[in-house]
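Take a look at the structure below.
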There are 2 protein chains.
Amino acid sequence: MATGRTHRPATRSRGIPEATVARLPLYLRALTALSERSVPTVSSEELAAAAGVNSAKLRKDFSYLGSYGTRGVGYDVEYLVYQISRELGLTQDWPVVIVGIGNLGAALANYGGFASRGFRVAALIDADPAMAGKPVAGIAVQHTDELEHIIESNGVSIGVIATPAGAAQQVCDRLVAAGVTSILNFAPTVLTVPDGVDVRKVDLSIELQILAFHEQRKAGEEGGAEAGHEAGHESAPPAEVTRAAAAAADRKGPDGDVPAVMPA
Amino acid sequence: MATGRTHRPATRSRGIPEATVARLPLYLRALTALSERSVPTVSSEELAAAAGVNSAKLRKDFSYLGSYGTRGVGYDVEYLVYQISRELGLTQDWPVVIVGIGNLGAALANYGGFASRGFRVAALIDADPAMAGKPVAGIAVQHTDELEHIIESNGVSIGVIATPAGAAQQVCDRLVAAGVTSILNFAPTVLTVPDGVDVRKVDLSIELQILAFHEQRKAGEEGGAEAGHEAGHESAPPAEVTRAAAAAADRKGPDGDVPAVMPA
DNA sequence: CTATCTTTGTGCACGCGTTCACAAAGGCAT
DNA sequence: ATGCCTTTGTGAACGCGTGCACAAAGATAG
């Protein structure tokens with residue numbers, strides 16, 4: 001998923017499988033909800049249903065963390081919340097910087113899920129001098145010039161990029177040079193980073209395109225004649241290609257893709 | 001990845017593997033960039049580098065679409081752009097509704113990547129009557145009451161949910177009842193949908209937590225003593241659990257997780 | 001203390017996805 | 001026309017992830 005990810009042996013050092021790590025936050029969310037309702041214990045079956053996964057998978061996932069359940073009873077909610085939090089590294093506070101305070105950057109700054117999960121927005125950074133000093137989500141936006149200073153003095157190791165695609169790599173380079181080793185990238189670009197730096201990518205456009213693919217399939221199947229299957233594979237190239245070229249030509253900017261954000 | 005996804009035989013009807021479908025948008029983006037620079041052909045090696053994947057993987061992916069390359073030369077950029085677009089269903093226009101026009105909803109509405117890729121924002125919908133009529137990204141926000149009407153009259157089959165977690169399932173039910181069969185969910189909840197409906201989930205909090213996990217690993221490894229490994233697995237439960245319980249107690253809302261958006 | 005019943009933890013098999021490595025294919029120079 | 005050189009397309013091996021099914025473990029009732 002994390003495209004442009006630093007290549008890594010998938011299964012890290014000798015620990016928890018990547019797929020399991022990706023589900024731990026899911027379990028944690030479900031468990032937190034139970035905790036708030038003061039539910040003392042859950043069975044793997046119940047918790048799996050709440051998290052939307054298979055119960056066998058959940059049990060196997062938990063087995064990587066240790067034997068935290070009680071046979072015949074289930075799992076202690078509070079205990080499990082703590083164990084997963086600790087495994088994910090959420091018992092400490094992670095200062096995070098958000099670069100690119102446009103629509104998306106502002107949405108991220110206001111996102112409550114950060115503070116409640118061990119993350120703290122250390123700074124909001126934007127390249128537009130006019131933004132400097134403006135408060136967003138209660139925090140004054142700072143200019144890009146301050147980037148290195150902010151990161152070093154706050155010990156920031158996680159950065160969020162919400163800039164236009166064109167600025168992303170440059171911002172990324174500066175973040176890495178300043179000491180950031182984990183990046184969450186919302187810009188529609190493949191980032192190049194040195195070894196040891198993790199990049200995860202979130203791309204709205206890609207998600208929608210995947211949905212469109214399935215949607216098209218559904219429409220094609222229902223309509224008796226399988227429009228766009230066997231026959232479709234060999235569609236007439238000449239005129240069609242011209243059409244595609246034209247579509248590409250009158251596309252918006254020369255930027256390839258408009259950023260996920262408009263940095264004021 | 002799409003948690004809460006309608007369970008499906010993974011490999012759909014006899015076609016392209018799911019993993020390949022997920023990468024097609026990536027290739028498409030890289031190809032579009034090349035197209036704009038008027039590059040006539042690319043080798044699998046070059047394109048793979050641009051998309052941030054392995055070249056063998058890319059070739060295998062393309063092989064599912066057909067034999068569109070020329071040995072010794074590479075792939076025709078324009079032709080490939082068209083073929084992938086068609087395969088993804090982007091040669092037609094998909095009307096999309098966005099429900100929940102808070103910070104995130106507004107960011108999505110302004111997202112340029114939609115229009116340039118075959119998606120059209122048909123309507124912006126919010127539950128707050130005060131929002132009705134207000135223009136966001138050049139489109140007047142409509143009230144939730146209009147939801148069914150909008151979907152049916154526009155033939156919308158793709159919906160985006162950017163509401164608070166508490167409202168997500170209800171909105172989802174209404175969307176599905178009105179005819180939507182694909183949903184992109186930004187709310188931090190597991191959505192339950194009938195068979196035949198696709199749900200994809202994007203969760204900022206989860207991505208950050210995965211980064212935090214790796215970040216913690218890095219920090220632990222460098223510090224000689226493997227803090228949080230063998231010994232860590234057996235951390236003292238008593239006092240610690242209390243601590244976790246306390247942390248859970250003073251958490252923000254009873255909502256479990258603050259939404260990815262503040263719907264005005 | 002014993003029997004029963006529930007639920008965990010996991011051995012095992014299967015299938016998807018990834019990667020290697022190479023034969024086939026085609027362009028291009030001579 | 002012929003041979004060389006580049007690049008595709010894919011057969012095959014491997015590894016990870018998933019899900020089944022069950023034995024072990026423990027709680028609970030009598």
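Predicted, not measured: the structure shown is a model, and the values here were computed from it. Every chain is numbered from 1 and lettered A, B, ... according to where its sequence line falls, protein lines coming before strand lines.
In this entry the distance linking CD of B:E45 with P of C:dC20 reads 11 Å, nearest Å. B:L65 places its CG atom 13 Å from the C1' atom of D:dG9, with the value rounded to the nearest Å. Summarising the geometry, the separation between CZ on B:R59 and C1' on C:dC20 is reported as 10 Å, rounded to the nearest angstrom. Rounded to whole angstrom, the span from the CD atom of A:E46 across to the C1' atom of C:dT8 amounts to 14 Å. Rounded to an integer number of Å, the gap from A:L47 CG to C:dT8 C1' is 13 Å. Atom CZ in B:R23 sits about 9 Å away from atom P in C:dG17, given to the nearest Å. When the C1' atom of C:dG11 is taken as reference, atom OH of A:Y64 falls 12 Å away, rounded to whole Å. Distance OH (A:Y68) to P (C:dT8): 16 Å, rounded to an integer number of Å.
Of the options A:Y82, A:Y79, A:Y75, a ring pair (Phe, Tyr, Trp, His ring centres under 6.0 Å) to A:Y68 is made by A:Y79 and by none of the others. Paired with A:Y27 under the rule side-chain hydrogen bond (donor to acceptor under 3.5 Å, both in side chains), one option of A:T32, A:T20, A:D61 passes, and it is A:D61.
Contact record, B:S182 with A:K218: OG-NZ, 3.6 Å, taken as the closest heavy-atom pair.
A side-chain donor-acceptor contact under 3.5 Å links A:W94 to the backbone of A:G89. Panel note: side chain A:S43, backbone A:E46; a donor-acceptor pair is recorded below 3.5 Å.
No side-chain heavy atom of A:I84 sits under 4.5 Å from any side-chain heavy atom of A:L90. Annotation: side chain of B:Q209 is in contact with side chain of A:L28 (closest heavy-atom distance under 4.5 Å).
Contact check, B:S44 against D:dT7: no side-chain N or O comes under 4.0 Å of OP1 or OP2. The phosphate of D:dC20 has OP1 or OP2 within less than 4.0 Å of a side-chain N or O from A:N54. A sub-4.0 Å separation between OP1 or OP2 of D:dG9 and a side-chain N or O of B:Y75 is present.
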Please tabulate the protein-to-nucleotide N/O contacts below 3.5 Å involving nucleotides 12-14 of chain D, giving atom names and distances.
unit_1: D:dA12; atom_1: N6; unit_2: B:K60; atom_2: NZ; d: 3.0

N/O to N/O distances under 3.5 Å, protein versus nucleotides 25-30 of chain C:
unit_1: C:dA25; atom_1: O4'; unit_2: B:R71; atom_2: NE; d: 3.4

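Checking D:dG17, D:dG9, C:dG17 against every side-chain atom of A:A19, the shortest atom distance belongs to D:dG17.
Scored by the salt bridge (charged side-chain N to carboxylate O under 4.0 Å, His left out) test, A:R59 finds no partners at all (sequence neighbours excluded).
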Exercise for review: Take B:T189 and B:Q169, measure what side-chain hydrogen bond (donor to acceptor under 3.5 Å, both in side chains) needs, and give me the verdict at the end.
Suggested key: CA-CA 8 Å; B:T189 328; B:Q169 184 63 57; over 6 Å; no
